[in-house]
Amino acid sequence: MEYSKKVDEKWQKEWKEKNAYKFDINGKGEKLYCLEMFSYPSGAKLHLGHWFNYGPSDSFARFKKMQGYNVFHPMGFDAFGLPAENYAIKTGIHPEDSTKKNISAMRKQLEEMGASYDWDYMVETCMPDYYKWTQWIFLKLYKAGLAYKKEAPVNWCDSCKTVLANEQVINGTCERCGSEIKRKKLAQWFFKITDYAEELLQDLSKLDWPESTKKVQTNWIGKSEGSEIVFETTNGEKITVFTTRADTLNGVTYVVLAPESELVKKVTTEEHKKEVEDYIDKASKLSEIERLAVDKEKTGVFTGGYAINPVNGDKVPIWIADYVLEDYGTGYVMAVPAHDERDYEFASKYKLPIKEVVKSADGEETKLPFIEKGILVNSGKYDGLSSEDARRKITEDLEKEEKGRLTTNYRLKDWLVSRQRYWGAPIPIIYCDKCGIVPVPEEDLPVLLPYDVEFKPDGESPLKKSKEFMNCTCPKCGGKATREADTLDTFVCSSWYYLRYPDAKNDKEAFNKDIVNKIDPVDVYVGGKEHAAMHLIYARFMTKALRDLGYLDFDEPFKRLVHQGMILGPDGNKMSKSKGNTVSPEEYIDEYGSDVFRMYLMFGFDYKQGGPWNEKGIEAMAKFFTRVEKLVEDSKVVCKESSETNNIGDKEKELLRTKNQTIKLMTENIEDFRFNTAIARNMELSNAINDYMKEKEINKEILEKTVETLIILLAPLAPHFAEEEWQKLGKEEFVYNQKWPQVSEKELSGGKKDIPVQLNGKLKFCVSVDAESSTEEMLEIIKNDERVIKLHENNNVVKDIYVPGRIYNIVVKK
RNA sequence: GCAGAUGUGGCGGAAUUGGUAGACGCACAGGACUUAAAAUCCUGCGGUGGUUAAACACCGUGCCGGUUCGAUUCCGGCCAUCUGCACCA
C-alpha cells in the first residue's frame, strides 16, 4: 500500500497487538533512559511544538533501541497549573474535567504520532496516586529542615482581590481588570535550595549538558566571595551589609536599605516618616526587573537615621532606595560612590559626599567612579595595600571586634513553593492553636484536593472557602485545627517525576529504591532551553535532597541534556493565539501521514535551533517517500529482469562505499540529534541506489542488501513507512527489531580522493589521488602534477604547505 | 537592565580540530515524455565581469579591524534579531 495515514493506522494496530514497545526492566542490553520533558495538557490537541519535541526524540529512542540498548521511554502529563484554573474561571469548566479530557485527547494523538512509549508507565501529576507522593516528599523535606515558612511578597490586585503570577502582571497592572498591582507580604513555604548552592554549582562540571545552559545555571546560582560588615546605627540597631569590596570601606559615605526591610521603621525619624512611607508604597508597585534596570533613574529618600562606619567611625546617613533588593545579600548596602557606578549616580543626584579610596595600580589618573581594583588611599593604616589584600585585612581586623567576617554569597534564592491557588497539590500541613504547625502524618496522605470548591478570585485562597477541607482535627492533640490552604508550585510536581516513571504504579512508596537506582538517572533528557534555570535546577536540587535523605544513590538526575529549538510562526514570531500565527499539525498529518510530517520536521530544521514554520518542503518530503517506494519496487524488478553478475567491480565498490559512509554518518548524526543531515545522507544513499540500478549488469545480492540497509536506516525516522516497505521486501519481523547496521571498514575504504591545491590560500584546482595511499605517495603525485609544476615555475614560491589528506597550499611572494 | 544564544544563496539549511563555502532539499530555468497539462525523468543554478561556448578573473558567510600560508570557524569592537529573568509550564 502507498504511504498515507492508513499505513500509520495499520502498523499502530500491529504494534499494539504484539506489544512492540513493552519495557522489560530485566531486558537484554544496557539500559538507556531516554526522556522528553513531559507536557502540560494545555489543550485537546498537540501543537507543532509538541511534535517538534517528541517526534525527533522518539526517533532517537528508536535508534538506540535498534542499537541494542534496553530503552526506557515513558511519557506523562504535568497536569496541575494556572492555565486550567484560568480557563475554569472563564468558562466554568472544572480544571479536573478539562485536564482529564485534554490528557486523553493528547495521549491519543501521541499514539497517532507513532511514538514508542510504554504507556504502562504513564504519570499524571494531578492524580492522587501521584500527588500523594509529592506531598510525602514535602513532609520529608519539612522534617529534614529543608522546608520552612517565612514572609515573602506576592503580586496583589486590590480590585480582583487575588494574587497574580508575574505573567498576569502587564506593565504593573492586572491583566484582568487593568488596575495597578501592589506587592504584598504573605507567610509562605520555601524549600531550602540555597543549602545546595555550592554542590549545584560544583556538579555542573559532571554533566554532559550544553555549555550555555551550564552558564545560565552558574549565573543563576551567582556565587560571589565577599564580606559581611556590621554598621551600628546611632540608635543602637545593627545593619549588616554584604560587600565584595571591603577594601573600599573607608569610602563609604552613606548606607542604603531595601525599602521593604524591617529595619527601615527602626531607623526612620519622626520627621522623615511620611516621606519614607510614601516611598515604600511607590516601590511596592515596581517589579524586580524594573527596579534593577540600570538605565532607570535612581530614586531614594533619607530616613533621618545615621550609622557608624566600623573602620573609621564616620557617621553616615541611612537612606532607602529601590535599587537595593531585600532578597539579595542582606538587603542592606554600604554605598561607596567613588567606586561603584550605581552609588556614584545616586550620590551625584542627591548631593551626597564622594570619597576616593582606591587609585589605579599603574599610577594613572583615575576618573570616578573607578570600579576596578587598585591601591588604597585615604584609608589610614590600609593605605598602600592592594585591593585584594585590603579586602582580607580589613575584614579580618573587623572580625576581631565581631563586626565583620569573610563570607560567600549566592544570588540563588530559596524556592518559594506556596501558591494561593486551587489547581495544585495541597500542602500537607495542619495549623493547631495549641501545637502550632503540625505536618500531616504520612499514613493520612494524600490530602485530597476537594472537587467542589469555589475557585473564582475573591480575596481568599480557593481552598480556604471549603469548610469541609479546612476544618480538621490536630493529629497531635486531637483538638480543632485547620489545614494549610495553599497548594504547591507545579515545579514541585515536575521536580521528581523522572523518579516516579520507572515505578509508576507503586502504591507503597514514591518509588522503590532498587528500581530507581537501576533505571535512573535519565541518560538523555530532551526539552526546551526555557527550562535552563528553573525546572532543571529544581530537579537537580530534589535529586540531591532525596539522596541525602537516603532514598536514592545518585547525585544528578539528567546525565545528558539536549535542547530542541522552537518552531516560530511563519512570521518569525513565537506562535501565540493572540498573534494569530499558530500552525496546527493536524491537517498535514491527515493529508500526508505522520511519518512525512515527522521527517519534514527533522529535515527542514536544525533540531537544536528551530526556526520559522514554512510548509514548502513538506510536499518534497512526500515525494521522497514516493521515490523510496518506487526504488523498492524497481529493485525487485531489476533483480528479476536485469542480467546478473557476481562481480564486485568499481560500481559495486562505489555503492558499498556510499552505503557504509551513510551508515557511519547517520549513526553519528542521530547520536548528536542532527536529524537534518542524517536524512540528507539517507537521500544520498537512495540516489546512489537509483544510479546503480541503471547499470546493465546488476549484482543482485549487493543491491538487495543495500536496499534493506536503506530501509533499516529509515526505520527510526519514519517508523510506519519503514515497516511497510520492509514488509514489501518480504520480511516478517518488525523492522524496528532489526539491528542497526555496522560499518564495514573494508567496504568503506578505497576510492579516489580530491586534494585541493591552493595558491596563497585560494583554491586553484584539485588533484585526484587514491584515498588509501600513504602521505608520501600522495605528496609525490601532487608535486608531479603538471599544474602544480606550472604554478611553481610561474611564481616566486616562498614555501609549500601540505596537510596530509586535506590540502596543499603554495605560498608565493608577489 | 542582567543573562544566554543567533546572523551563510531567492528559501530551509551543510561545512570534522582553522583546510575545496553552499552537502541534501525547496524554488526557479531549460530539455525529454504528453494532443496538452499534471506527475515523472535529465541538465543547469551565489554574485559580477568575461567568452559563440568554455577557460578564466574578481567579489562573497551581519558590519569594521586583527591573528594566520589559509578564517563561516579564533581574538577585539560594533549592529541586528531571538530567548529567559525566580508565581506560565
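First the proteins, then the strands, lettered A, B, ... as listed; each starts at 1. No experiment lies behind these values; they were computed from the predicted model shown.
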If only side-chain N and O atoms of [X] are considered, is one of them under 4.0 Å from the OP1 or OP2 phosphate oxygen of [N]?
| X | N | value |
| --- | --- | --- |
| A:Lys616 | B:G25 | no |
| A:Lys694 | B:C42 | yes |
| A:Asn676 | B:A14 | yes |
| A:Arg674 | B:U16 | no |
| A:Asn219 | B:G84 | no |
| A:Thr490 | B:A89 | yes |
| A:Lys623 | B:C24 | no |
| A:Lys764 | B:A57 | yes |

### Message
With nearest nucleotide decided by heavy atoms, which residue, A:Ser494 or A:Arg411, maps closer to the 5′ end of RNA chain B?
### Response
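Nearest nucleotide further toward 5': that of A:Arg411.
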### Query
Starting at the 5' end of RNA chain B and moving along, which residue's nearest nucleotide shows up first, A:Lys799 or A:Pro756?
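This one resolves to A:Pro756.
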From the options [options], select the nucleotide whose nearest atom is closest to the side chain of [X].
| X | options | result |
| --- | --- | --- |
| A:Met683 | B:G25, B:U17, B:C69 | B:G25 |
| A:Ala680 | B:C85, B:G19, B:A23 | B:A23 |
| A:Arg627 | B:C24, B:C41, B:G19 | B:C41 |
| A:Asn155 | B:C11, B:C87, B:G70 | B:C87 |

### Check ion pair A:Arg183-A:Glu326 (N to O, under 4.0 angstrom)
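A salt bridge is absent here (no side-chain N lies under 4.0 Å from a carboxylate O).
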Just call it for [X]: base, sugar-phosphate, or nothing, with non-hydrogen atoms closer than 4.0 Å on any strand.
| X | result |
| --- | --- |
| A:Phe603 | base |
| A:Asn687 | sugar-phosphate |
| A:Val798 | nothing |
| A:Leu568 | nothing |
| A:Ala532 | nothing |
| A:Gly81 | sugar-phosphate |
| A:Phe491 | base |
| A:Ile801 | base |
| A:Asn614 | sugar-phosphate |

Below 3.5 Å, does any donor atom in the side chain of [X] face an acceptor in the base of [N], or the other way round?
| X | N | result |
| --- | --- | --- |
| A:Gln188 | B:C87 | yes |
| A:Gln758 | B:G19 | yes |
| A:Arg681 | B:C24 | no |

### Query
A:Gln188 versus A:Gln420: any side-chain heavy-atom pair under 4.5 Å?
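Result yes, sub-4.5 Å side-chain heavy-atom pair found.
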### Query
Can you say whether the rings of A:Tyr607 and A:Phe675 are parallel (under 30°), tilted (30 to 60°) or perpendicular (over 60°)?
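A:Tyr607 vs A:Phe675 ring planes: perpendicular.
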### Query
Relative to the ring of A:His531, is the ring of A:His535 parallel (under 30°), tilted (30 to 60°) or perpendicular (over 60°)?
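It falls in the perpendicular class, over 60°.
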### Task
Identify whether the glycosidic angle of B:G9 places it syn (within 90° of 0) or anti.
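You should classify B:G9 as syn.
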### Task
Using the ring-ring contact (aromatic ring centres under 6.0 Å, His included) rule, take A:Phe138 and A:Trp189 through it: C-alpha gap first, then chi angles, then the decisive distance, then the call.
CA-CA 10 Å; A:Phe138 178 94; A:Trp189 287 97; 5.4 Å; yes
### Donor-acceptor pair, side chain of A:Trp209 and main chain of A:Phe558, under 3.5 angstrom
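Yes.
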### Query
So, does A:Glu629 use its side chain to make a donor-acceptor pair with the main chain of A:Tyr3 at under 3.5 Å?
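Looks like yes, one N/O pair under 3.5 Å.
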### Query
Whole-Å distance between B:U68 P and A:Lys762 NZ?
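After rounding, the reported distance stands at 18 Å.
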### Task
Rounded off to whole Å, could you give me the NE2-to-C1' distance for the A:His531 and B:A89 pair?
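Computing the A:His531:NE2 to B:A89:C1' distance gives 6 Å.
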